[in-house]
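Counting convention: from 1, in listed order, for ligands and their atoms alike.
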Amino acid sequence: MNNFDWIVVGAGITGSSLSYELAKQGLKVLLLEKDPNYDNATRYSYGGVAYWSGTDNYSIQLCQESRDIYHNLSEELGENTDFRELDLMLTIPVNNEPRAIVENYQKFFIKPQLLDPKEANEIEPLLNTDYISGCLKLPHGHIHPQKTNNAYQQAFLRLGGTINYQEVTQLLSQNQKIAGVKTNKEEYYSKNVVICAGGLSRFLLQNMGININIYFTHSQLILTSNVDIKLKALVMPAILNRLDIEEKSGDSEIKSLWNNPNDEIISDVMEPGAIQFLDGSFCLGQISQIITNTTAKLNKSLAEKTIREGVSKILPDLQNLPGKVHNCLVSFCPDSNFLVGKIDNFEGLHLFSGFTSTLMFAPPLARRFASWVTEDYTKMPSLL
Ligand SMILES: Cc1cc2nc3c(=O)[nH]c(=O)nc-3n(C[C@H](O)[C@H](O)[C@H](O)COP(=O)(O)OP(=O)(O)OC[C@H]3O[C@@H](n4cnc5c(N)ncnc54)[C@H](O)[C@@H]3O)c2cc1C
């Protein structure tokens with residue numbers, strides 16, 4: 001009864017897409033999620049699919065696979081993901097030289113179009129031309145992240161998969177081999193476990209004595225109710241300071257701080273951005289903070305003020321939309337685009353987390369992961 005071919009821990013977009021792909025291969029899969037309210041990074045994301053962002057043969061191929069998957073996903077899963085193509089507008093603040101910024105984007109296989117403020121305003125009339133010296137325009141995909149997650153789960157259930165709302169408290173093992181998991185309610189058995197726990201993946205692995213370069217940021221954002229204002233594009237800054245702080249997390253002095261979690265803010269960054277979903281609601285973002293304690297108490301009223309002030313500069317009409325601050329953990333890996341594969345010195349243990357551009361990379365890698373499992377396990381990358 002409690003025996004499965006695969007146990008997947010965490011039901012954000014990584015765990016849901018992977019569970020579906022494994023079940024599609026005929027495997028008996030259990031998906032475990034601790035939070036029935038899905039207060040997670042998937043729910044609070046903008047929903048952008050950066051299929052322009054490949055930089056080498058492998059990532060370019062994954063971008064193309066991702067685009068193909070999303071084009072057919074609503075039909076395949078039998079539920080609407082709200083997928084559409086839209087413009088990504090990356091704003092360049094007025095004191096920055098646009099030509100210098102555009103250089104940073106030459107490594108991507110689809111190059112951005114550099115627009116002056118007037119041209120940018122024609123595409124996105126809500127943009128404040130006084131604040132920007134230019135904009136980079138890229139073709140982006142967009143989904144409703146929670147609807148997509150739900151669509152994956154419903155299709156997984158139809159394939160005979162099981163979803164239980166329980167917290168995994170321990171991985172069960174014998175002689176460096178996975179035997180299953182223990183939750184707050186019961187034990188489940190499987191020779192294969194995959195961790196898709198987002199920002200909490202680090203601690204599940206650490207509890208097994210496994211140290212992998214996977215970290216997390218605390219992110220804060222505002223979700224609004226449905227409003228009449230229309231934003232056409234996904235708007236974000238062209239200079240992403242978050243990537244710098246993520247890179248710094250790999251530095252040896254900061255690495256040692258992760259071993260003794262506390263509430264100290266190591267770094268924080270505000271990146272004004274906004275997206276409007278098809279139902280008319282907005283997500284306004286985003287503050288990213290590195291605090292090594294997963295349960296650190298965040299200052300929500302300060303976050304609301306900071307986000308609204310930041311957004312008011314680029315999109316003044318959105319500043320006062322009624323909305324509520326939410327927070328979540330977002331996992332990342334400073335050294336690579338994702339941590340997907342088997343943990344070599346621990347038979348049966350796998351990781352599927354630490355993504356940049358998760359919504360772009362997770363669906364094609366979930367499909368590949370499932371085919372490595374059923375067709376040729378030796379092809380699965382090793383993480384240690
Ligand atoms: C404001 C904002 C905007 C973003 N915009 C984009 C974007 O446009 N495009 C993009 O690609 N990415 C974006 N991201 C990042 C993206 O949302 C995340 O990287 C992605 O959703 C992470 O998915 P996940 O499945 O790894 O983690 P999560 O969605 O956090 O899911 C992990 C799940 O694991 C569960 N879990 C953890 N521990 C346990 C346990 N012990 N037992 C059981 N369950 C457990 C958690 O409850 C959680 O539900 C954005 C993030 C934010 C905050």
More than 12 heavy atoms of other residues, nucleotides or ligands under 6.0 Å from CG of Asn57: is that the case? no

At a 4.0 Å threshold, what atoms of ligand 1 neighbour a non-hydrogen atom of Ser357? 11 (O)

Ligand-side contact atoms (ligand 1) for residue partner Cys196, heavy atom cut-off under 4.0 Å: 32 (C), 34 (O)

Just going by heavy-atom distances, which of Ala362, Gly273, Cys283, Ala197 is nearest to atom 36 (N) of ligand 1? Ala197

Give me the ring orientation class for Tyr215 and Trp258: parallel if the planes are under 30° apart, tilted from 30 to 60°, perpendicular past 60°. tilted

Contact atoms of ligand 1, heavy-atom distance to Gln166 under 4.0 Å: 43 (C)

Would you check whether Tyr44 has a nitrogen or oxygen atom less than 3.5 angstrom from a nitrogen or oxygen atom of ligand 1? no

Heavy-atom closest contact (Phe156 atom, Leu31 atom, distance): CE2-CB, 3.9 Å

What protein heavy atom is closest to atom 25 (O) of ligand 1, reported as residue, atom name and distance in Å? Thr14 OG1, 2.7 Å

Taking the six-membered ring of Tyr38, is the NZ or CZ of Arg43 close enough (under 6.0 Å from the centre) and on axis enough (within 45°)? no

Any nitrogen or oxygen of Leu200 lying under 3.5 Å from a nitrogen or oxygen in ligand 1? Just yes or no. no

With distance as the sole criterion, is a donor-acceptor pair present between the side chains of Ser256 and Asn259 under 3.5 Å? no

Are any of the N/O atoms on Asp35, whether in the backbone or the side chain, positioned under 3.5 angstrom from an N/O atom of ligand 1? no

Is the closest heavy atom of Cys328 to ligand 1 under 4.0 Å? yes

Polar contacts were defined as any N/O atom of the residue lying under 3.5 Å from an N/O atom of the ligand; does this apply to Gly199 and ligand 1? no

Would Ser331 count as being in polar contact with ligand 1, using the rule that some N or O on each side must be under 3.5 angstrom apart? no

Any carboxylate oxygen within less than 4.0 angstrom of a Lys/Arg side-chain nitrogen, looking at Arg158 and Glu76? no

Parallel, tilted or perpendicular for Phe361 and Phe338, by the 30°/60° rule? perpendicular

Applying ring-ring contact (aromatic ring centres under 6.0 Å, His included), can you list everything that pairs with Phe352, at least two apart in sequence or on another chain? Phe355, Phe369

Relative to the ring of Phe277, is the ring of His144 parallel (under 30°), tilted (30 to 60°) or perpendicular (over 60°)? tilted

To the nearest 0.1 Å, how far is atom 52 (C) of ligand 1 from its closest protein heavy atom, and which atom is that? Gln286 NE2, 3.7 Å

Numbering the atoms of ligand 1 from 1, which are under 4.0 Å from a heavy atom of Glu167? 41 (N), 42 (N)

The closest protein heavy-atom partner of atom 15 (C) of ligand 1 is Val330 CG1, 4.2 Å

Has ligand 1 got any nitrogen or oxygen that is less than 3.5 angstrom from a nitrogen or oxygen of Thr358? yes

Starting from the C-alpha separation in whole Å, work towards a yes-or-no answer on side chain to side chain contact (heavy atoms under 4.5 Å, CB included) for Val269 and Glu271. CA-CA 6 Å; Val269 53; Glu271 293 170 331; 4.0 Å; yes

Let me check something: any side-chain donor-acceptor pairs from residues 374-384 under 3.5 Å, sequence neighbours excluded? List them with distances.
{"from": "Thr374", "atom 1": "OG1", "to": "Gln25", "atom 2": "OE1", "distance (Å)": "3.2"}
{"from": "Thr374", "atom 1": "OG1", "to": "Ala370", "atom 2": "O", "distance (Å)": "3.0"}
{"from": "Asp376", "atom 1": "OD1", "to": "Thr378", "atom 2": "N", "distance (Å)": "3.2"}
{"from": "Asp376", "atom 1": "OD1", "to": "Thr378", "atom 2": "OG1", "distance (Å)": "2.5"}
{"from": "Asp376", "atom 1": "OD2", "to": "Thr378", "atom 2": "OG1", "distance (Å)": "3.4"}
{"from": "Tyr377", "atom 1": "OH", "to": "His350", "atom 2": "NE2", "distance (Å)": "2.5"}
{"from": "Ser382", "atom 1": "OG", "to": "Asp344", "atom 2": "OD1", "distance (Å)": "3.3"}
{"from": "Ser382", "atom 1": "OG", "to": "Asp344", "atom 2": "OD2", "distance (Å)": "3.2"}

Could a heavy atom of Gly285 be found less than 4.0 Å from some atom of ligand 1? no

Among all protein non-hydrogen atoms, which one is nearest to atom 44 (N) of ligand 1, and what is the separation to 0.1 Å? Lys34 N, 3.1 Å

Looking at non-hydrogen atoms alone, which of Phe355, Phe352, Phe203, Tyr46 comes nearest to atom 4 (C) of ligand 1? Tyr46

So, Asn164 side chain and Gln166 main chain: donor-acceptor pair closer than 3.5 Å or not? no

Numbering as shown, the atoms of ligand 1 that approach Leu32 to under 4.0 Å (heavy-atom distance): 43 (C), 44 (N)

Decide if the gap between the ring center of His142 and the ring center of Phe83 is smaller than 6.0 angstrom. no

Regarding atom 12 (N) of ligand 1: of the candidates Leu18, Val181, Leu359, which has the closest heavy atom? Leu359

Does any N or O atom in Ser219 lie less than 3.5 angstrom from one in ligand 1, N or O only? no

Are any of the N/O atoms on Glu33, whether in the backbone or the side chain, positioned under 3.5 angstrom from an N/O atom of ligand 1? yes

Tell me, please: is Arg43 in heavy-atom contact with ligand 1, that is, under 4.0 Å? no

Using a strict threshold of under 4.0 Å (side-chain N to carboxylate O), is an ion pair present between Glu304 and Arg308? yes

Taking only non-hydrogen atoms of Gly12 and a 4.0 Å limit, the atoms of ligand 1 in range are 25 (O), 29 (O), 31 (O), 33 (C)

Out of all atoms in ligand 1, which are within 4.0 Å of some heavy atom of Ile13? Include the element for each. 23 (O), 25 (O)

Step through the shown structure and confirm whether more than 12 heavy atoms of other residues, nucleotides or ligands are within 6.0 Å of NZ on Lys324. no

So does Glu167 pair up with Lys182, basic N to acidic O under 4.0 Å? no

Tell me the protein heavy atom at minimum distance from atom 41 (N) of ligand 1, and give that distance in Å. Val168 O, 3.0 Å

The protein heavy atom nearest to atom 30 (O) of ligand 1 is Ala41 N, 3.2 Å

Which residue supplies the protein heavy atom nearest to atom 23 (O) of ligand 1, what is that atom called, and how far is it? Thr42 OG1, 3.3 Å

Going by the closest heavy atom to atom 51 (C) of ligand 1, which one wins out of Ser45, Gly48, Gly198, Gly10? Ser45

Scanning both residues in full, the closest heavy-atom pair of Leu86 with Ala233 reads CD1-C, 4.2 Å

